[in-house]
Number of protein chains: 2
Amino acid sequence: MTTTDLCVKMVIDRWNGSIDNLNKHLTALSDEQLQNEIAPGKNRGIYLLGHLIAVHDDMLRLMNMGEKMFPELYEPFIKQPDKVVTQIPSVAELRAMWAKQNDMLQAIFAKTTTDEWFSKHTAVSAEEFSKEPHRNKLNIVITRTSHLQYHTGQLVLLN
Amino acid sequence: MTTTDLCVKMVIDRWNGSIDNLNKHLTALSDEQLQNEIAPGKNRGIYLLGHLIAVHDDMLRLMNMGEKMFPELYEPFIKQPDKVVTQIPSVAELRAMWAKQNDMLQAIFAKTTTDEWFSKHTAVSAEEFSKEPHRNKLNIVITRTSHLQYHTGQLVLLN
């Protein structure tokens, strides 16, 4: 294994480890607990779970790895803050989407080659990418792992 | 720049970006706000700041890049939970330690070569490392960036 392959492995392992860690916490939380605010006046657990699914859904498009699975989550969980859209999926429905999405992302990531990881994502032009080669698909995983950890630190407060 | 160098750059950029992001939030929080709990019955902001400094201090030892700067923070901010040790530094003192530490880590990271990043950290034996080469210094930065983001998601709740 080259150091480049090793570096990709480390990044993907951290993504998978972060998903596993949040899953452990989600399993320990009841649907009722996820309806609570993480702190007085702050986002509810259900909003953060929907937000994570919506953000990860957009990774597919950014990494040119497929279409969004749940485009309907953009409006209530990214565009709008919590409690604005009243018609949202139930916690049980979000848990099912989350599980399905994780399986799919894990399968796609496992078959992505190192060369593909270092190719440009869809939000950067070929010209920009030639000057800024760090704007690649692997970097999407790095930044979204940070985002996932940030909200995991909030979701654990529900317990 | 090789893809390996690029991957190292992406990881270190994410560390520096995460530190910058927390600094932005810390600047916006008063010393009084950092005395508050992030949610009722949970850790105080001052504890999380001390905890981050203590954990980052231990990175120096793990990466064989120097001695701990603030060994006195281990007991109150890692070994013990919040509110057990009553004699702790003030928020102002912790802010100064945090700034000094970030400057030092940034300087050390900037001069670390790619080969050094992929060398083993001090908590793994040479034999284990030969089978598990991902247990290197760069992986310490990857996992500690996750940890930093997790607690940043909590500290922002004080605002």
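All chains are named by letter (A, B, ...) in the order of the sequence lines, taking the proteins before the strands, and each is independently numbered beginning at 1. Quick caveat, the model's predicted, so the values are computed rather than measured.
- The two residues F118(B) and L6(A) make their nearest non-hydrogen contact at CD2-CD2, 3.8 Å.
- The minimum heavy-atom distance linking V8(B) with C7(A) is given by the pair N-SG, 4.5 Å.
- One hydrophobic cluster, built from ILVMFWY side chains closer than 4.5 Å, holds both L148(A) and F70(A).
- Looking at H134(B), the atoms closer than 4.5 Å to chain A (heavy atoms on both sides) sit in the backbone and in the side chain alike.
- Placement of V124(A) and V141(A) in two distinct hydrophobic clusters is found when ILVMFWY residues are connected by side-chain heavy-atom separations under 4.5 Å, directly or transitively.
- Among residues 75-111 of chain A, no residue has any heavy atom closer than 4.5 Å to a heavy atom of chain B.
- T145(A) is listed as a side-chain neighbour of S146(B), based on a closest heavy-atom distance under 4.5 Å.
- Connection of M1(A) to W117(A) is established within a shared hydrophobic cluster, with ILVMFWY side chains joined at heavy-atom distances below 4.5 Å, either directly or through further cluster members.
- Two different hydrophobic clusters hold I140(B) and F129(B) under the rule that ILVMFWY side chains link at heavy-atom gaps under 4.5 Å.
- Along residues 26-64 of chain B, the residues that come nearer than 4.5 angstrom to chain A, judged on non-hydrogen atoms, are I38(B), A39(B), P40(B), K42(B) in order of number.
- No single ILVMFWY cluster, assembled from side-chain heavy atoms under 4.5 Å apart, contains both M65(B) and Y74(B).
- Both the backbone and the side chain of T143(B) come within contact range of chain A, judged by heavy atoms closer than 4.5 Å.
- A heavy-atom distance below 4.5 Å is found between the side chains of N136(B) and M10(A).
- For T3(A), the parts sitting under 4.5 Å from any heavy atom of chain B are the backbone and the side chain alike.
- Within residues 152-159 of chain B, the residues having any heavy atom closer than 4.5 Å to a heavy atom of chain A are T152(B), G153(B), Q154(B), V156(B), L157(B), N159(B), listed by residue number.
- Listed by chain and number, the residues in a ring-ring contact (aromatic ring centres under 6.0 Å, His included) with H25(B) amount to none (sequence neighbours excluded).
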